[in-house]
Amino acid sequence: SANGLNINVSVPPAICAGDTVTITVSGGNIYSWQPATGLSGSTSAVVTANPVTTTNYTVTATDNNGCVGTAVAAVTVNPLPVITSSSGISVCLGVAAALSVSGANTYSWLPVTGLNTSNGSNVIASLSSTTTYSVTATDVNGCTGTTAVTVTVNPLPVSLFAADVLNGCGPLCINFTDTS
């Protein structure tokens with residue numbers, strides 16, 4: 001700090017992309033923040049920031065005696081997890097579907113209908129109708145992302161046949177016609 005002015009800046013160590021963070025500075029009476037982009041104000045002791053990428057905000061403070069000092073508020077922005085999932089899943093009624101997601105550390109599936117578990121990267125779905133699951137994934141930084149996984153359940157085919165002769169003495173020759 002220039003001219004001996006002691007400035008203290010308080011900022012959380014990291015945020016997730018899209019989050020807002022509060023930055024507090026003390027040690028002066030008049031403040032000037034640079035860059036002002038993404039800040040709620042450029043002259044306050046308390047500002048909120050919503051940076052898109054990791055950003056170093058420099059604050060210059062001046063006290064009542066005209067002493068000036070500077071400090072840096074480093075805001076680290078962690079990206080949201082990129083979740084990949086099984087897609088285009090189609091099964092016949094009565095057949096279980098294996099579903100999988102990856103890209104994070106923990107997973108939560110909703111709804112839980114037909115699932116063998118509501119957590120985990122690999123689950124088994126036994127469904128009676130087409131269902132879309134919402135999967136929330138959390139990475140090691142606590143950042144979350146969501147994806148959708150749809151399981152299409154196809155009905156079983158209906159087989160219908162008509163016979164030209166329904167009864168008689170053997171040997172009996174019967175012709176069947178497919179009416180499915």
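Any value given below was found using the heavy atoms of this structure, including those in side chains, with hydrogens, waters and symmetry copies removed. This one's a predicted model, so the numbers in the text were calculated from it and none came from an experiment.
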Quiz item: Looking just at side-chain N and O atoms, do Ser121 and Ser102 make a donor-acceptor pair shorter than 3.5 Å?
Solution: no
Self-check item: Stepwise side chain to side chain contact (heavy atoms under 4.5 Å, CB included) check, Trp33 with Val47
Solution: CA-CA 9 Å; Trp33 293 87; Val47 295; 3.7 Å; yes
Quiz item: Quick one: hydrophobic cluster around Val123, which other residues, with the 4.5 Å side-chain cut-off, linked directly or via members?
Solution: Ile83, Ile89, Val91, Leu93, Val95, Leu99, Val101, Tyr107, Trp109, Leu115, Leu127, Tyr133, Val135, Val149, Val151, Val153, Leu156
Quiz item: Which is it for Ser86 and Ser100 under the side chain to side chain contact (heavy atoms under 4.5 Å, CB included) test, yes or no, and what are the steps along the way?
Solution: CA-CA 6 Å; Ser86 46; Ser100 65; 4.0 Å; yes
Self-check item: No-hydrogen, no-angle side-chain donor-acceptor test under 3.5 Å, Asn29 and Asn64
Solution: yes
Quiz item: Do Thr132 and Thr150 have side-chain N/O donor and acceptor atoms under 3.5 Å apart?
Solution: yes
Exercise. Could you check Thr48 against Thr20 for side chain to side chain donor-acceptor pair (under 3.5 Å), going step by step and ending with a plain yes or no?
Key: CA-CA 7 Å; Thr48 57; Thr20 300; over 6 Å; no
Quiz item: Which heavy atom of Val21 sits nearest a heavy atom of Pro12, and at what distance?
Solution: CG2-CD, 3.2 Å
Name each donor-acceptor pair under 3.5 Å that joins a side chain in residues 49-62 to protein atoms two or more places apart or in another chain, with its distance.
{"unit_1": "Thr54", "atom_1": "OG1", "unit_2": "Val77", "atom_2": "N", "d": "3.0"}
{"unit_1": "Thr55", "atom_1": "OG1", "unit_2": "Thr53", "atom_2": "O", "d": "2.8"}

Quiz item: How about Ser90 and Asn154: does a side-chain donor come under 3.5 Å of a side-chain acceptor?
Solution: yes
Quiz item: Rounded to the nearest 0.5 Å, how far apart are OG1 of Thr138 and CG of Asn105?
Solution: 8.5 Å
Quiz item: Under 3.5 Å, is there a donor-acceptor pair between the side chain of Asn65 and the main chain of Cys67?
Solution: no
Quiz prompt | Residues Val75, Ile15; criterion side chain to side chain contact (heavy atoms under 4.5 Å, CB included); working and verdict | solution = CA-CA 7 Å; Val75 178; Ile15 63 171; 4.0 Å; yes
Quiz item: Are the side chain of Ser42 and the backbone N or O of Ala36 linked by a donor-acceptor pair below 3.5 Å?
Solution: no
Quiz item: Does the side chain of Thr144 reach to within under 4.5 Å of the side chain of Leu80, using non-hydrogen atoms?
Solution: no
Quiz item: Is the number of heavy atoms from other residues, nucleotides or ligands within 6.0 Å of CG (Asp178) greater than 12?
Solution: yes
Practice problem: Could you list the residues that satisfy side-chain hydrogen bond (donor to acceptor under 3.5 Å, both in side chains) with Thr177, not counting sequence neighbours? | Solution: none
Quiz item: Taking the side chain as C-beta and beyond, is there a heavy-atom pair between Ser32 and Thr43 under 4.5 Å?
Solution: no
Exercise. Please answer whether the main-chain N or O of Asn141 pairs with a side-chain N or O of Asp139 as donor and acceptor at a distance below 3.5 Å.
Key: yes
Quiz item: Minimum heavy-atom separation for Pro81 to Gly145, with atom names?
Solution: CG-N, 3.7 Å
Quiz item: Would you find a donor on one side and an acceptor on the other, under 3.5 Å apart, between the side chain of Ser10 and the backbone of Asn8?
Solution: no
Quiz item: Nearest heavy-atom pair of Ala71 and Val9: which atoms, and what distance?
Solution: CB-CG2, 3.5 Å
